[in-house]
Amino acid sequence: MDFEYLLNALLGARKILHAMECEICGYDEVYYTDPVTGKQIGRACEGCQFVQKFDF
């Protein structure tokens with residue numbers, strides 16, 4: 001599965017908040033915010049193929 005497709009399916013519209021080095025694989029782990037509300041909506045690492053959606 002294409003990683004961008006996975007991000008679109010799970011997080012939808014998003015804006016990058018910040019990126020840091022992933023502790024597992026060393027790639028960038030990116031944190032995302034909702035472009036309308038500005039609230040954090042999730043994080044993802046393309047190297048690990050990991051996506052986490054935040055439900056506050």
Side-chain angles (χ1 to χ4, degrees):
M1 179 181 286
D2 183 48
F3 190 69
E4 284 295 319
Y5 178 76
L6 180 62
L7 285 176
N8 289 334
L10 293 176
L11 299 179
R14 63 199 176 278
K15 182 176 161 185
I16 295 175
L17 175 64
H18 72 275
M20 56 188 272
E21 183 178 340
C22 177
E23 294 178 3
I24 306 299
C25 69
Y27 281 62
D28 284 342
E29 181 178 42
V30 181
Y31 286 76
Y32 296 100
T33 60
D34 184 283
V36 176
T37 64
K39 293 183 180 182
Q40 283 190 354
I41 57 171
R43 65 182 177 156
C45 176
E46 188 171 2
C48 297
Q49 296 290 305
F50 170 76
V51 177
Q52 180 182 16
K53 183 174 182 176
F54 299 150
D55 292 320
F56 297 114

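The chain is numbered in sequence order, starting from 1.
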Inset, instruction - Tell me, with the steps shown, if Gln40 and Leu17 meet side-chain contact (heavy atoms from CB on, under 4.5 Å). - result: CA-CA 8 Å; Gln40 283 190 354; Leu17 175 64; 3.0 Å; yes
Which heavy atom of [X] sits nearest a heavy atom of [Y], and at what distance?
{"X": "Gly42", "Y": "Leu11", "answer": "CA-CD2, 4.2 Å"}
{"X": "Tyr27", "Y": "Cys45", "answer": "CB-SG, 4.1 Å"}
{"X": "Cys48", "Y": "Cys25", "answer": "SG-SG, 3.5 Å"}

Inset, instruction - Kindly work out whether a path of hydrophobic side-chain contacts (I/L/V/M/F/W/Y, heavy atoms less than 4.5 Å apart) joins Leu6 to Ile16. - result: yes
Check whether any side-chain heavy atom of [X] lies under 4.5 Å from a side-chain heavy atom of [Y], and answer yes or no.
{"X": "Lys15", "Y": "Asp34", "answer": "no"}
{"X": "Leu10", "Y": "Gln52", "answer": "no"}
{"X": "Leu7", "Y": "Tyr32", "answer": "yes"}

Inset, instruction - Starting from the C-alpha separation in whole Å, work towards a yes-or-no answer on side-chain contact (heavy atoms from CB on, under 4.5 Å) for Val51 and Phe3. - result: CA-CA 9 Å; Val51 177; Phe3 190 69; 3.9 Å; yes
Legend entry - Verdict with supporting geometry, Ile41 and Thr33, side-chain contact (heavy atoms from CB on, under 4.5 Å): CA-CA 5 Å; Ile41 57 171; Thr33 60; 5.7 Å; no
Inset, instruction - Please state whether the rings of Phe54 and Tyr31 are parallel, tilted or perpendicular, taking 30° and 60° as the class boundaries. - result: tilted
Inset, instruction - Check the pair Glu29 / Glu21 against side-chain contact (heavy atoms from CB on, under 4.5 Å), numbers first and verdict last. - result: CA-CA 6 Å; Glu29 181 178 42; Glu21 183 178 340; over 6 Å; no
Inset, instruction - Output the distance between atom CZ (Arg14) and atom NZ (Lys53), rounded to the nearest 0.5 Å. - result: 12.0 Å
